[in-house]
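Here is the structure we will look at, set down as structure tokens.
This one's a predicted model, so the numbers in the text were calculated from it and none came from an experiment. Labels below follow one simple rule: chain letters A, B, ... track the order of the sequence lines, proteins then strands, and each chain is numbered from 1.
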Protein chains: 2
Amino acid sequence: MQELDLRYPNCPVRNVLIRFSDKWSLLTLRNIERNGKMRYKEIGNAIPDISQKMLSSTLKHLEEDHLIVREAYAEIPPRVEYSLSEMGKSLMPVIQSLIDWSLAHFEEVTR
Amino acid sequence: MQELDLRYPNCPVRNVLIRFSDKWSLLTLRNIERNGKMRYKEIGNAIPDISQKMLSSTLKHLEEDHLIVREAYAEIPPRVEYSLSEMGKSLMPVIQSLIDWSLAHFEEVTR
DNA sequence: CTGTATCCGTCTAGATACTG
DNA sequence: CAGTATCTAGACGGATACAG
């Protein structure tokens, strides 16, 4: 296996990490994890300060990255449910450890 | 303790995570961890595609967040050494688990 | 309800030149 | 050597209006 060295731009680790390195991805994943299946508007309600545009964009990216699953039902009004993929679920303990660390150290970091 | 709910913009966890949610922070921390004390130029060399501006900016932020320690020596030519703080060291296992996950799943994520 | 389209201001990030 | 200053292009992100 080559190009695993973090120094290089095409390092796969760098190209994975960059996908969560935005304002809303971890937060969105965390909410879907907590509530199981969630509808578009439920997620929006759970993150009061996200705009529709960023919510759509974030969900689309997470789906493209195979971290969440999108199920659309052809009803009127339409219903769309988002849930974690198996891979998404496997990421959550790692995110949880990040959250735990943040909780333990935020006073020192932001001091 | 209040305002620990991830939903709110002033949640401390969100305000900690946002500090690593950029292109260079984790990469810089990882390099300093691997090599112990590093000079400005050494870090730059270890990350060939970072610009001077982004390196300066990233190092400054990491120092402000108390994750790294900056030691400047009044020599000519000047010498500045960066190393992980104790808190920075405590973050590295978490980052390592992120890297491990990325390594295990990058094919599926980027597929 | 679940989005998309558009506009627009701000922030990010790189290139280059320059300083102590 | 270790940065800073300036400029610029593009990405990010919010508000609003609109569509299926």
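Residues A:Asp49 and A:Pro78 each lie close to DNA chain D; by heavy-atom proximity, the contact nearer the 5' end of the strand is made by A:Asp49. Along DNA chain C, the nucleotide closest to A:Lys53 and the one closest to A:Ser57 are compared, and the more 5′ of them pairs with A:Ser57.
Counting to the nearest Å, the P atom of D:dC1 and the CG atom of B:Leu55 are 14 Å from each other. When the C1' atom of C:dA13 is taken as reference, atom CD1 of A:Ile18 falls 12 Å away, rounded to whole Å. Rounded to whole Å, the distance from CG on B:Asp22 to P on C:dG14 is 11 Å. Look at CD on A:Glu75: it is 12 Å from C1' on C:dT2, rounded to the nearest Å. The NZ-P distance, from A:Lys37 to C:dC1, rounds to 20 Å in whole Å. Rounded to whole Å, atom C1' of C:dC1 lies 17 Å from atom CD of A:Glu71. Straight-line distance from the CD1 atom of A:Ile76 to the P atom of C:dG3: 15 Å, rounded to whole Å. The CG atom of B:Asn45 sits 13 Å away from the C1' atom of D:dA2 (whole-angstrom rounding).
Between D:dG3 and B:Tyr82, a contact under 4.0 Å exists linking OP1 or OP2 to a side-chain N or O. Between B:Ser56 and D:dT4 there is a side-chain polar atom (N or O) within less than 4.0 angstrom of OP1 or OP2. The phosphate of C:dG3 has neither OP1 nor OP2 within less than 4.0 Å of any side-chain N or O from A:Arg39. The phosphate of D:dG3 has neither OP1 nor OP2 within less than 4.0 Å of any side-chain N or O from B:Arg79. Contact annotation: B:Lys60 side-chain N/O to D:dG3 OP1/OP2 distance is not under 4.0 Å.
Taking CZ of B:Arg30 as the reference point, atom CD1 of B:Ile95 lies at 8.5 Å (rounded to 0.5 Å).
Listed nucleotides: C:dG14, D:dG13, D:dG3. Nearest to the side chain of A:Met54: D:dG13. Distance from the side chain of B:Gln52 is smallest for D:dT4 among the nucleotides C:dT2, C:dG20, D:dT4. For A:Lys23, the listed nucleotide lying nearest its side chain is D:dG14; candidates were C:dC1, D:dA2, D:dG14.
A:Val69 and A:Leu59 fall into different hydrophobic clusters, where Ile, Leu, Val, Met, Phe, Trp and Tyr side chains are chained together by heavy-atom contacts under 4.5 Å.
A salt bridge is defined here as a Lys NZ or Arg NE, NH1 or NH2 lying under 4.0 Å from an Asp or Glu carboxylate O, and A:Glu71 with A:Arg79 fails to meet this definition. Of the charged side-chain nitrogens involved, at least one lies within less than 4.0 Å of a carboxylate oxygen, so that B:Arg14 and A:Asp49 count as a salt-bridged pair. Salt bridge status for A:Arg39 with A:Glu42: absent, with no side-chain N to carboxylate O gap under 4.0 Å.
Using a 4.0 Å heavy-atom cutoff across all strands shown, A:Lys41 reaches sugar-phosphate atoms only and no base atom.
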